[in-house]
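Predicted, not measured: the structure shown is a model, and the values here were computed from it. Computation of the quantities below employed the complete heavy-atom set of this structure, encompassing side-chain atoms and omitting hydrogens, waters and symmetry-equivalent molecules.
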Amino acid sequence: MTAGEIIGLVGSFLVLIAYYPQISHLIKEKCSAGISRKAFIIWLVSSFMLIIHSVLINDVIFISLQMINFIATAVILIFAAKYKNNVCEYHKNMLSSTQIDQKN
């Protein structure tokens with residue numbers, strides 16, 4: 001494996017780590033506050049298209065990166081739909097304080 005491939009795989013792994021807080025909060029707190037399902041649908045479609053492109057050019061790094069993006073985005077969409085309109089205490093408090101700030 002070349003140094004460039006190693007850097008690419010580490011970058012792909014960092015993408016996976018970046019998704020963790022969103023997915024973890026969504027599943028543990030059953031809270032879909034702040035998640036735009038329309039945006040995630042677009043990201044899902046774009047990831048699928050980029051997977052196809054990556055396979056066609058036979059680029060292992062981009063295949064792995066887009067598979068991570070596709071799976072993480074699908075998980076977020078599934079749980080955002082499951083917990084639609086659910087808001088955890090943290091986000092309820094954030095919404096309440098924002099409304100109070102707007103009144104002042």
Shortest non-hydrogen contact between Leu65 and Ser12, atoms and distance: CB-OG, 3.5 Å

Single-linkage hydrophobic cluster, 4.5 Å side-chain cutoff, Ile68 and Ile41 together: yes

Audit row: Leu26, Lys82, side-chain contact (heavy atoms from CB on, under 4.5 Å) steps and yes/no: CA-CA 10 Å; Leu26 184 59; Lys82 182 176 181 176; over 6 Å; no

Side-chain donor-acceptor pairs of residues 48-61 under 3.5 Å, sequence neighbours excluded:
residue, atom, partner, partner atom, Å
Ser54, OG, Leu50, O, 2.7
Asp59, OD1, Ile61, N, 3.1
Asp59, OD1, Phe62, N, 3.2

Partners meeting ring pair (Phe, Tyr, Trp, His ring centres under 6.0 Å) with Phe40 (sequence neighbours left out): Trp43

Heavy-atom closest pair, residues Cys88 and Cys31: N-SG, 3.3 Å

Spacing of CG belonging to Leu16 relative to CD1 belonging to Ile71, to within rounding of 0.5 Å: 9.0 Å

Minimal non-hydrogen separation, Ala18 against Pro21, with atom names: O-CD, 3.3 Å

Note, Glu29 side chain near Asn86 side chain (heavy atom, < 4.5 Å): no

Any Arg37 side-chain heavy atom under 4.5 Å of Ile76 side chain: no

Spatial distance of atom CZ (Phe79) from atom CD1 (Ile27) [nearest 0.5 Å]: 4.0 Å

Same cluster (ILVMFWY, side-chain, under 4.5 Å), Ile42 and Val15: no

Heavy-atom side-chain contact between Ser32 and Asn85 under 4.5 Å: no

Within residues 11-32 or reaching into it, pairs that qualify as ring pair (Phe, Tyr, Trp, His ring centres under 6.0 Å) - sequence neighbours excluded: His25-His91

Heavy-atom donor-acceptor pair, Glu5 side chain to Thr2 backbone, under 3.5 Å: yes

Leu14 and Ile17, any side-chain heavy atoms less than 4.5 Å apart: yes

